[in-house]
Amino acid sequence: MRPIELLLVYLLFGLGVAAALRQRQIPGAGWALPFWPLYLPALLSPVAAAEPPQAPIPRAVQELRAALEGTPGLPATLSVEAALSAVERGLLGLERRSQQIAAALAATAPLSPQEAPPELQALAEAQAQSHARLRALQSEADAELHRALLAVRELTGRVLVARFSGGPDAVAADLAALGAAVDGVAEVRDLARR
Amino acid sequence: MNPQRPLIDLLLRSPEALDAALEQPQAALSTTSRLLPLALGGLLAYGAVQGLLLTESRTAMWPTPVAGGIPLYSMGVVGLAYVGGFFGAQVAGLPSAWFYAALAGVRVPAARIAGEALRAQATSALVLLGLLPIYLAAGLGLTAIEHSGGMAALKTLVIGLFGFTLPFVAGLAGVIALYRAFGRILRAQAGEERAAGPLRLVLAWSVLFTAMAPVGTARLLSLLGDALPA
């Protein structure tokens, strides 16, 4: 086989690999035409079915649910479902608040006091102040949501520790505290502040 | 891998982040497309400079059209010869590298082997780009000297032989990067430091590459040089 024929066969393979990469929407598929042997092993590797990333709130609640469901000897007085619903409701409330503030922020673009005409100076300053206040509120709301999520995860950890440390009384006490603490937005906020 | 993060930063400062990108086959494909231009660019730039110096200094290196021909052609030919020789050696050595990894006790898929080979090549190219100004300065200094007697031999030595050796010197950086990468893989798998495993693997891989790459580069230089107009 002459070198030119060898090159043609090589490039033909490259064309196939480049087409496969393009079909998978991999950026830079054109590089595969001359350098296909470097792409081929990864291209032939089995692709694990990628799970869509779960939102943090359902994931935290799901983890807490799994921890609770795996814990034997739950106290009869504690309604796990009610407690979990309260936790989720509270967290979603915090998230909604943060989103609403973000939407309000996006909707209002304040005039720059430096660029505003003199007659609108006072208005621009007031708008800038409102905007700054909204930004502060949003970071406060985000921090609150973050703290609440951390608190729920920490609670999950406590339930797991209590379960494996073999203290059913401790598990019951923790779960009872959870049930009492989380019941709506205000309670989740309390939980976050603890 | 964070697409916003510069590749040079990943190669030199955050090899662990690059590990994560090479671990998943899907991410490895796009990482390959990011590493390739850097690896190619380094070799092409170096080849172009060497081609230029070879023609300007009329160094008696084979093939004649490269040394005494049109500078632009020589730049292209030497650059292509390096790319062909180095990538050819990498690609031809991939199956052996996978076999060496298995012998060294590193359980690693072929896709990761290809990714690591390219990481080594890109790291070497980066170091080569760093050495390029030194080579260029030395070469330009020598081309200014009259071509006679002992000076001609010195030119051949520096521009020709030293020039052909420099990419392999820069390749040591790639070898070190490769050794560290396989060390991390092994630590992640075994949870302990087993220095001999990656050392044997990288040594065998380097010997194979060092044996094949110069032969491939010289053969391509000869082939492409002969095709050049005299």
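Here is how names work: the chains are called A, B, and so on, in the same order as the sequence lines, proteins then strands, and each is numbered from 1.
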In terms of heavy-atom pairs under 4.5 Å with chain A, the winner among Ala28(B), Ser33(B), Ala111(B), Gly115(B) is Ser33(B)
Which atoms of Leu21(A) come close to chain B, meaning under 4.5 Å heavy atom to heavy atom: side chain ones, backbone ones, both, or neither? side chain
A quick test of your reading: do over 12 heavy atoms of other residues, nucleotides or ligands sit less than 6.0 Å from OH of Tyr10(A)? yes
Hey, which of Leu36(B), Leu35(B), Thr32(B) is the one that makes side-chain contact (heavy atoms from CB on, under 4.5 Å) with Trp31(A)? Leu36(B)
Any idea which heavy atoms bring Ala114(B) and Pro41(A) closest together, and the distance? CB-CG, 4.1 Å
Kindly check if the number of other-residue, nucleotide or ligand heavy atoms within 6.0 Å of CD (Glu5(A)) is above 12? yes
Is the number of heavy atoms from other residues, nucleotides or ligands within 6.0 Å of CZ (Arg22(A)) greater than 12? no
Is any side-chain heavy atom of Phe87(B) less than 4.5 Å from a side-chain heavy atom of Pro37(A)? no
Interface moiety of Leu38(A) toward chain B, non-hydrogen atoms closer than 4.5 Å: both
Heavy-atom count check: over 12 atoms from other residues, nucleotides or ligands less than 6.0 Å from Leu72(B) CG? no
Sort Leu118(B) into side chain, backbone, both or neither according to what part of it lies under 4.5 angstrom from a heavy atom of chain A. side chain
Name the region of Leu40(B), side chain, backbone, both or neither, that has any atom closer than 4.5 Å to a heavy atom of chain A. side chain
Is Tyr39(A) close to chain B through its backbone or its side chain, or both, or neither, when contacts mean heavy atoms under 4.5 Å? both
Check the surroundings of atom CD in Glu16(B): do more than 12 heavy atoms from other residues, nucleotides or ligands lie under 6.0 Å from it? yes
Nearest heavy atoms of Ser30(B) and Ile26(A), plus distance in Å: N-CG2, 3.9 Å
